K.L.:
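Sharing a structure with you now.
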Amino acid sequence: MAERRFCIGYALAPKKQQSFIQDSLVSLAASRGIDLVRIDTDRPLLDQGPFDCILHKYYGEDWRKQLIEFRVKNPNALILDSPDSIERLHNRISMLQVVSELKIDNANESFGIPKQIVIYDKETLFDRQACEGLKFPVIAKPLVADGSAKSHKMALVFNHDCLNKLKPPIVLQEFVNHGGIIFKVYVVGQYVKCVKRKSLPDEPEAKLGNVEGLLSFSQVSNLTPREKINDKFYKMMQLDDTEMPPLSFVTDIARGLRRSLNLNLFNFDVIRDSKIGTRYLIIDINYFPGYAKMPGYEKVLTDFFCDLAQNKDSMKKSPDAKEGEDKIGSDRQLPVKTADQETRKTAIDEDDGGQSVNREMKEETPVRD
Ligand SMILES: O=P(O)(O)O[C@@H]1[C@@H](OP(=O)(O)O)[C@H](OP(=O)(O)O)[C@H](O)[C@H](OP(=O)(O)O)[C@H]1OP(=O)(O)O
Ligand SMILES: Nc1ncnc2c1ncn2[C@@H]1O[C@H](COP(=O)(O)OP(=O)(O)O)[C@@H](O)[C@H]1O
Ligand SMILES: [Mg+2]
Ligand SMILES: [Mg+2]
């Protein structure tokens, strides 16, 4: 009898397709019975396939409608992830709301989000009262985080007078000194990996040479060294010497976020408050991030796809998904392998191929079925 293969159709923007769909991933997945097939987004989705699963980072009303139709015609197919769940990450306020609602018992470390306010119009920007209680410097971030270049354009603002240079709607978030290092926590289903990256330098380094009171920047952790805001600072700073956050703590947060966001594929940015060394602040959550930057991403993703293939048949509707609701995929997550506990692998390592620690961890039910 012919081998039963699991077909995953992917719909990705060209840049994403180029970085994520590498030959090494396609061939490893194929060797384990998973076919990765490109979806032509210029053609109707229903004319393509058949697909057991759709993997997508693709937007627009038309695409959403096509996914709804696809779901009606293919009730057993998985859609990763639900457009509704992804949507929540497209607004920098709703994105971080889940963090504030998360409860994790940890005696040594604490977590939260930096103090922030949202400004919808120019008048409020001039209103000093609106910013009362907010300490400068602040980072001004576009409210919308839809993946456009514009949505990554930030400004470090040193005083209230400079706010008038900004274009609402924006979020003003207190800048927190964090030693110039950011932790990026990648989540792929039950798998969690934390890496270090360079970030904005602490004040006053960030302010050095700045006379305007406002410093614009974009995608700091992805910049080449030449483009770094203050290269001298990074030379002085030792990325290698920075201690990682405790593995179990990061994993607990990742697990909690995965449940409440109802997403399988995301990462989040965490900084450690230099003033309170045990306080961690989550500043950003991204859907389907640059996984190809994770060493060994092919295996992590292939393992995840194989888990999907194995567990697909046992996936059920979640109790809170109403019939006919415009929820695609959000009612489907990978069920746990045992009734209430399972062993899973969590990895913490350095971004640039440094030391890597893999630990087997016991965790409670990581996802609901
Ligand atoms: O392209 P990459 O590999 O830098 O990945 C970007 C992510 O970088 P990261 O994995 O966190 O280092 C990036 O993360 P940051 O916002 O830089 O924290 C975003 O997830 C970005 O997607 P979008 O533009 O917000 O839709 C991601 O871009 P897309 O590839 O999804 O367009
Ligand atoms: N509250 C903050 N305090 C200090 N640095 C921050 C803060 N928020 C963001 N940053 C820095 O700005 C960068 C971009 O901000 P982020 O919210 O992650 O936006 P993006 O979605 O474009 O990645 C972060 O990677 C970090 O270096
Ligand atoms: Mg970020
Ligand atoms: Mg982001």
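Both backbone and side-chain heavy atoms feed into the values below; hydrogens, waters and symmetry mates do not. The model shown is predicted, which means the values in this text are computed figures rather than measured ones. By convention here, the first residue in the shown sequence is residue 1. First listed ligand is number 1; within each ligand, the first listed atom is number 1.
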K.L.:
Between CG of Leu55 and CG of Leu12, what distance do you get to the nearest 0.5 Å?
P.N.:
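Separation between the atoms: 6.0 Å.
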
K.L.:
What's the separation between atom CD1 in Ile68 and atom CH2 in Trp63, rounded to the nearest 0.5 Å?
P.N.:
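Ile68 atom CD1 to Trp63 atom CH2 measures 12.0 Å (nearest 0.5 Å).
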
K.L.:
Is any NZ, NE, NH1 or NH2 atom of the basic residue among Asp52 and Arg4 found under 4.0 Å from an Asp or Glu carboxylate oxygen of the other?
P.N.:
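Between Arg4 and Asp52 there is a salt bridge, with a charged N closer than 4.0 Å to a carboxylate O.
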
K.L.:
Looking only at distance, does Asp146 have an N or O less than 3.5 Å from an N or O of ligand 1?
P.N.:
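Such a contact does not occur with ligand 1.
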
K.L.:
Taking only heavy atoms of Lys15, which atoms of ligand 1 are found under 4.0 Å from at least one of them?
P.N.:
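Counting from 1, the qualifying ligand atoms are 1 (O), 28 (O), 29 (P), 30 (O), 32 (O).
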
K.L.:
Taking everything shown except Glu101 itself, do over 12 heavy atoms lie less than 6.0 Å from its CD?
P.N.:
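Yes.
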
K.L.:
Would you mind listing which atoms of ligand 1 come within a distance below 4.0 Å of any non-hydrogen atom of Asp284?
P.N.:
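What qualifies from ligand 1 is 15 (P), 16 (O), 18 (O).
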
K.L.:
Give the atom numbers and elements of ligand 1 that come within less than 4.0 Å of a heavy atom of Arg197.
P.N.:
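With Arg197 as reference, the close atoms of ligand 1 come out as 12 (O).
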
K.L.:
Quick one: list whatever passes side-chain contact (heavy atoms from CB on, under 4.5 Å) with Lys150, sequence neighbours left out.
P.N.:
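Once residues adjacent in sequence are excluded, the partners of Lys150 under the side-chain contact (heavy atoms from CB on, under 4.5 Å) criterion are Ser148.
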
K.L.:
Any side-chain to backbone donor/acceptor pair from Tyr291 onto Phe266? Under 3.5 Å, distance only.
P.N.:
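Confirmed, Tyr291 side chain pairs with Phe266 backbone.
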
K.L.:
Counting only protein N/O/S, how many atoms fall short of 2.8 Å from the Mg ion (ligand 3)?
P.N.:
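Those protein atoms number 2 in total.
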
K.L.:
Does Ser19, backbone or side chain, put an N or O under 3.5 Å from an N or O of ligand 1?
P.N.:
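N/O-N/O distance under 3.5 Å: no.
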
K.L.:
Examine distances only and state if a side-chain atom of Lys196 and a backbone atom of Lys184 form a donor-acceptor pair shorter than 3.5 Å.
P.N.:
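Judged by distance alone, no pair lies under 3.5 Å.
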
K.L.:
Can we call the ring centroids of His90 and Tyr287 under 6.0 Å apart?
P.N.:
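Aromatic pair excluded; centres sit 6.0 Å or further apart.
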
K.L.:
Polar contacts were defined as any N/O atom of the residue lying under 3.5 Å from an N/O atom of the ligand; does this apply to His152 and ligand 1?
P.N.:
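Looking only at distances, the answer is yes, because the N/O contact criterion of under 3.5 Å is met.
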
K.L.:
Check ligand 1 against Lys293 and write out every atom of the ligand that is under 4.0 Å from a heavy-atom position of the residue.
P.N.:
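It comes down to these atoms of ligand 1: 2 (P), 3 (O), 4 (O), 5 (O), 8 (O), 9 (P), 10 (O), 12 (O).
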
K.L.:
Please confirm whether Phe268 and Phe183 have ring centers closer than 6.0 angstrom.
P.N.:
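Between Phe268 and Phe183, the centre distance exceeds or equals 6.0 Å.
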
K.L.:
Output the list of atoms in ligand 1 that are nearer than 4.0 Å to some heavy atom of Phe288, sorted by atom number.
P.N.:
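In order of number, 31 (O).
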
K.L.:
State if Tyr186 counts as touching ligand 1 under the rule of any non-hydrogen atom under 4.0 Å.
P.N.:
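Right, Tyr186 reaches ligand 1.
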
K.L.:
List ligand 1 atoms under 4.0 Å from Asp269, heavy atoms only on the residue side.
P.N.:
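Close to Asp269: 18 (O).
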
K.L.:
Any N or O on Pro289 sitting closer than 3.5 Å to an N or O of ligand 1?
P.N.:
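No; every N/O pair is 3.5 Å or more apart.
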
K.L.:
Please report the interatomic distance OG(Ser82) to CZ(Arg88), rounded to the nearest 0.5 Å.
P.N.:
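Ser82 atom OG to Arg88 atom CZ measures 10.5 Å (nearest 0.5 Å).
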
K.L.:
Under 4.0 Å from any heavy atom of Gly147, which atoms of ligand 1 are there?
P.N.:
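Contacts of ligand 1 toward Gly147, numbered from 1: 23 (P), 24 (O), 25 (O), 26 (O).
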
K.L.:
Has Ser274 got a side-chain atom pairing as donor or acceptor with Gly179's backbone, closer than 3.5 angstrom?
P.N.:
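Yes, Ser274 side chain to Gly179 backbone: donor-acceptor pair under 3.5 Å.
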
K.L.:
Using a 4.0 Å cut-off to any heavy atom of Lys16, which atoms of ligand 1 qualify?
P.N.:
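Per the distance check, 29 (P), 30 (O), 31 (O).
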
K.L.:
Mind checking whether Tyr191 and Tyr186 have ring centres under 6.0 Å apart?
P.N.:
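No - the distance between ring centres of Tyr191 and Tyr186 does not fall below the 6.0 Å cut-off.
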
